[in-house]
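For reference, the structure is listed below as C-alpha cells.
The structure displayed is predicted, hence computed values, not measured ones. Note on naming: letters A, B, ... go to the chains in the order of the sequence lines (proteins, then strands), and numbering restarts at 1 for each one.
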Protein chains: 2
Amino acid sequence: MSTDSSTRLPGAARPLRPAVPEATVARLPVYLRALTAAAEDGVDTLSSDELATAAGVGSAMVRKDLSHLGSYGTRGVGYEVDYLIYQISRELGLTQDWRVLIVGAGNLGHALANYGGFASRGFRVVALLDLDAARVGEHIAGLHVDSVDRLEQVVAEAGVHIGVLALPADAAQATCDRLVAAGVTSVLNFAPCVLEVPAGVMVRKVDLSTELQILAFHQQRRVFQVERHPVAGRSRVPLAEAL
Amino acid sequence: MSTDSSTRLPGAARPLRPAVPEATVARLPVYLRALTAAAEDGVDTLSSDELATAAGVGSAMVRKDLSHLGSYGTRGVGYEVDYLIYQISRELGLTQDWRVLIVGAGNLGHALANYGGFASRGFRVVALLDLDAARVGEHIAGLHVDSVDRLEQVVAEAGVHIGVLALPADAAQATCDRLVAAGVTSVLNFAPCVLEVPAGVMVRKVDLSTELQILAFHQQRRVFQVERHPVAGRSRVPLAEAL
DNA sequence: TCGACTTTGTGCATTCGTTCACAAGTGCCT
DNA sequence: AGGCACTTGTGAACGAATGCACAAAGTCGA
C-alpha cells in the first residue's frame, strides 16, 4: 500500500464517519459473498451469528465491522440480507462499473479474463494485452489479445480504472510505470516483485509462492510439535524427513 | 486460519524462542526474494535500510523481523546475503521439498502448474487432478492430468503435504474434505468460498475478486476526496460517474 | 399491556503490530 | 591505540485490531 489516507490536505474537512478500518474493508467482500449466497437460497434475514459462521469469523467482529458502515441491523431480528448487500456494495463502490485492463495473456491472464467472479461485481475487463507479438490476435473470453504497445491508447479510450499485472517480474515495473503515466491509480500485481509507484497510486500484491511459503512454515512448525509430543494420529510421511 | 498455536497440550514445554509473529512470517518471503535478487547481482552484504527499500517496508521493521529469527547481522556492516538467505529458508522450511497437489486443471491450475517460482523454493507439484473427465490425460508442465477420483491414492503414494484448490466454489468444500480425510493438513484455497476444516488443518485463501474490491473501495474513496478538494491533476474519467 | 426472549451496537480490556530512539557493537582510518 | 562513522538489536511508546460483556432496543405470545 502506498497511499496514506491520513495527512491529506491539512485544512481539509475530515469525513464525518471516521473512515472504515482497513481490516474491516478486507472482510467486507467475504460478508458480501456470504450474503449473496444466502439471498440465492431465499434467506431474507441473517443474524450476526449466522453471518459470522458463514464468513468464518466471530460474531462480535461482524457486528463491529458492520457498525462502521452505519446501523443497518434490527435488534432482536438481525440484518436484512438484500438491504445489507446493497449497503456493502455501495461502500465498496461496486455499484459503478470498474474498467479493468489485464496486461499479460499467459495462463494467469487467461484465468483472470475468464473468471466469472469479476463481472458479477461490477468489474469489466476492457482489454487484454500481451508483450508477445505471437499471442496478439488470440480470442479469449470475448476479448481479442492486443499488443502492449497500445497500452496508453487503451487506457485513454476505455477509461481504465484498474490495471492488473499478470506478467513476468522483469517486465512488471516498466509496465506499471506506463500504466501510472497513463493515469491509472490502482494496480493489482501478480508478478513476484515489489513495485515502486508515486504517492497516490495504490498497489496490491498477490503472490502465489508467498502463500505456499507461509503454509510451509506452519506445517514445519506443526511437525516439530508432533515430534516433541507424539499424539495418536496419522503420520504417513516419515517424520525424519521434515528435518 | 484455523490453527491456534497457543493452548497446545497444556503441560507442554514451551518453545525456547517465543515463536515468530504471524506478520513477520508473511514478510519473510518478501525479504527472501529481495535477498535472492541481490545475491544474483553479486551483492554479498545488505544493510537493513537497503533490504527495507528492496522489500518496500521500513528499516526498523526489517531489523525487528530478523531479530525474531536470531542475531544474524553484524553491527556497522549489515547482513551477509548468503547466510541470511539460508537462515530465512530454514525458518520457512524451504530446505526440504514440499509435495504439492493441485486440484483443478482449468486456467488457474495451468498457471499454477507452470509457475516457475515454486520449484526454486522447494515446492514440487506431484500431480494435477481435474473433475472433468474430458481433461484427464492432457499433458501440462511435465505432468499428465489425472482424474480427481484418484485423489486419495495420489495423496498416499506421493506423500502430499499441501493441497491447492483451483476449482469452482461448489466443488471446493467436498474436495477439501477428501484432502483432509486423506491426511493433508495444509490447504491453499483459490475458490471463492469459506472452507470448514477440523482443528489442526491450516487453510489459506487467495481471492482474486476480493483484491479488486479492496482496490475499488480505495479508488472510490479517492475520487470523493478529489471531488471535495479538486486539485490540479488529471481526471480523465468524469467524476459524476463515480457516484 | 406486559414480560420473556432475542439480537444489535458499543465501551472496555487486551493483545498484536509498528515506529521511534538510542545504547552497544563493529570496522576503518589516522 | 584511539576516535569516528556506521549499523544492529531492542526497550518503550504508540496505534490498530480483536474479543468480552452488557445495556438498549426490538419481537412475539399471552
For B/F123, does its backbone N or O pair with a side-chain atom of B/R99 as donor and acceptor, under 3.5 Å? no
Please lay out, stage by stage, how A/Q219 and B/T185 fare under the test side-chain hydrogen bond (donor to acceptor under 3.5 Å, both in side chains). CA-CA 8 Å; A/Q219 172 107 20; B/T185 54; 3.3 Å; yes
So, is B/T74 near the phosphate of D/dT8, with a side-chain N or O under 4.0 Å from OP1 or OP2?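 It does not, given that no N or O in the side chain of B/T74 lies less than 4.0 Å from OP1 or OP2 of D/dT8.
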Expressed in angstrom and rounded to an integer, what is the separation of B/R75 atom CZ from D/dT8 atom P?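 These atoms are roughly 10 Å apart.
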May I ask you to check whether B/Y72 and B/Y79 place their ring centres under 6.0 Å from each other?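 For B/Y79 and B/Y72, the ring centres are not under 6.0 Å apart.
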Sugar-phosphate, base or nothing in reach of A/G78, heavy atoms under 4.0 Å: sugar-phosphate
Over all strands shown, is A/S59 touching base, sugar-phosphate only, or nothing at heavy-atom distances under 4.0 angstrom? nothing
Return the OG1 to CG distance between A/T24 and A/L69, rounded to the nearest 0.5 Å.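 So the OG1 of A/T24 and the CG of A/L69 are separated by 8.0 Å.
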Taking all non-hydrogen atoms of both residues, which atom of B/A34 and which atom of B/L51 are closest, and how far apart? CB-CD1, 3.9 Å
Non-hydrogen atoms of A/S209 and B/R33 that approach each other most closely: OG-NH2, 3.7 Å
Comparing A/G76 with A/G73, nearest DNA chain C nucleotide closer to 5' gives the residue A/G76
Quick one, B/Y115 with B/F118, criterion ring-ring contact (aromatic ring centres under 6.0 Å, His included). Give me CA distance, side-chain angles, the key distance, then yes/no. CA-CA 6 Å; B/Y115 183 48; B/F118 291 159; 4.8 Å; yes
Using side-chain heavy atoms (C-beta onward) and a distance below 4.5 Å, is [X] in contact with [Y]?
X	Y	answer
A/R27	A/M61	yes
A/I88	A/L35	yes
B/L188	B/L165	no
A/P29	B/D207	no

In degrees, rounded to 10°, what is the bend between the two ends of the helix from C/dT1-D/dA30 to C/dT30-D/dA1, using five pairs at each?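 Terminal axis comparison yields 10°.
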Using a 4.0 Å cut-off to any heavy atom of chain B, which nucleotides of DNA chain C are the first and last in contact, reading 5' to 3'?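 Contacts span C/dG17 to C/dG27, reading 5' to 3'.
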Under 3.5 Å, which protein N or O atoms sit close to an N or O of nucleotides 14-18 of chain D? Give each pair with its distance.
residue, atom, partner, partner atom, Å
D/dT18, OP1, A/R27, NH1, 3.1
D/dT18, OP2, A/R27, NH1, 3.2
D/dT18, OP2, A/R27, NH2, 2.8

